[in-house]
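The structure under discussion appears below in the form of structure tokens.
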Amino acid sequence: MDGSIKQLLKGVNLYLIGMMGSGKTTIGNLLAQAVNYSFIDTDEVIVKAAGKPISDIFITEGEPAFRQLESNVLAQVCAYTKLTIATGGGIVLRRENWSYLHHGLIIWLDVPVEILLERLKEDQTRPLLQDPDTQNKLRSLLDERYSLYSQADLHIEITQQETPEQTVTNILQAIPGVLKTPVEKFQN
Ligand SMILES: Nc1ncnc2c1ncn2[C@@H]1O[C@H](COP(=O)(O)OP(=O)(O)OP(=O)(O)O)[C@@H](O)[C@H]1O
Ligand SMILES: O=C(O)C1=C[C@@H](O)[C@@H](O)[C@H](O)C1
Ligand SMILES: [Mg+2]
């Protein structure tokens, strides 16, 4: 890894936000390796703690209960440093979550609905996609959330089919340009 990025980061956590299928888990894993951070996925932490898949949590306990678990996990992880954190697609919905996210650098993976659809067409694990009109559902979720995702520190637009490795390279190149902001947040 480029030592200068490591010095710039100073252990600041990297939070990946974005729609279902935008690649938070996939990219987060690779990005963590690239900057020598540990990787955490809030969805995976919840699944392990609950002992059941997210779709079951939605059915048995409901979405509000899932959102509360998600906030609890985020509150716990933001106490640590040197983490790359893949969040759930809906993490941006609760105002309290932003106070946790802003402890670190927030990176939005902005992927067009057409690519999301292609990636998620066979997926049965995401409860909010169990809708006959997946395209419409994804579009309305993105419309609802667009202004929230836009509050990220770093906007990574994925305009074509690119490999996860290419996206990680783009993120690493863009980080120095925005890093001043979160470090200043710590110093204030
Ligand atoms: N260039 C790419 N970058 C990231 N993921 C990709 C890419 N191409 C294909 N994929 C695939 O897209 C799928 C969705 O990615 P992933 O599970 O990482 O998304 P996510 O943002 O974590 O979704 P969720 O919010 O539902 O957890 C995976 O099967 C992944 O392999
Ligand atoms: O976009 C969403 O609201 C979700 C995305 C997934 O990461 C999971 O957190 C869950 O399926 C909800
Ligand atoms: Mg994920």
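All ligand and atom numbering here is 1-based and tracks the order in the structure.
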Do G89 and ligand 2 have an N or O pair less than 3.5 Å apart? yes

Report yes if R145 has an N/O atom closer than 3.5 Å to an N/O atom of ligand 2; otherwise report no. yes

So which heavy atom in the protein is nearest atom 10 (C) of ligand 2, and how far is it from that ligand atom? I54 CG2, 3.9 Å

Are any of the protein's heavy atoms under 4.0 angstrom from atom 29 (O) of ligand 1, yes or no? no

Should the proximity of L109 to ligand 1, defined as any heavy atom under 4.0 Å, be assigned to the side chain, the backbone, both, or neither? neither

What do you reckon, does R67 put a non-hydrogen atom under 4.0 Å from ligand 2? yes

Which option out of T25, T42, D43 puts a heavy atom nearest to atom 7 (O) of ligand 2? D43

Given M20, R126, R119, which one has a non-hydrogen atom that is nearest to atom 17 (O) of ligand 1? R126

Using non-hydrogen atoms of the residue, decide whether [X] is closer than 4.0 angstrom to ligand 1.
| X | result |
| --- | --- |
| Q166 | no |
| G18 | no |
| A86 | no |
| D43 | yes |

G21-ligand 1 polar pair, N/O distance under 3.5 Å: yes

Of E70, R67, K24, the one forming a side chain to side chain contact (heavy atoms under 4.5 Å, CB included) with I91 is E70

Among I17, I156, V178, I27, which residue meets the side chain to side chain contact (heavy atoms under 4.5 Å, CB included) test with I107? I156

Does T25 bring an N, O or S atom to within less than 2.8 Å of the Mg ion (ligand 3)? yes

Quick one: which ligand 2 atoms are inside 4.0 Å of a heavy atom on L128? 2 (C), 3 (O)

Suppose we call two aromatic rings close when their centres sit under 6.0 Å apart. Are W108 and Y146 close by that rule? yes

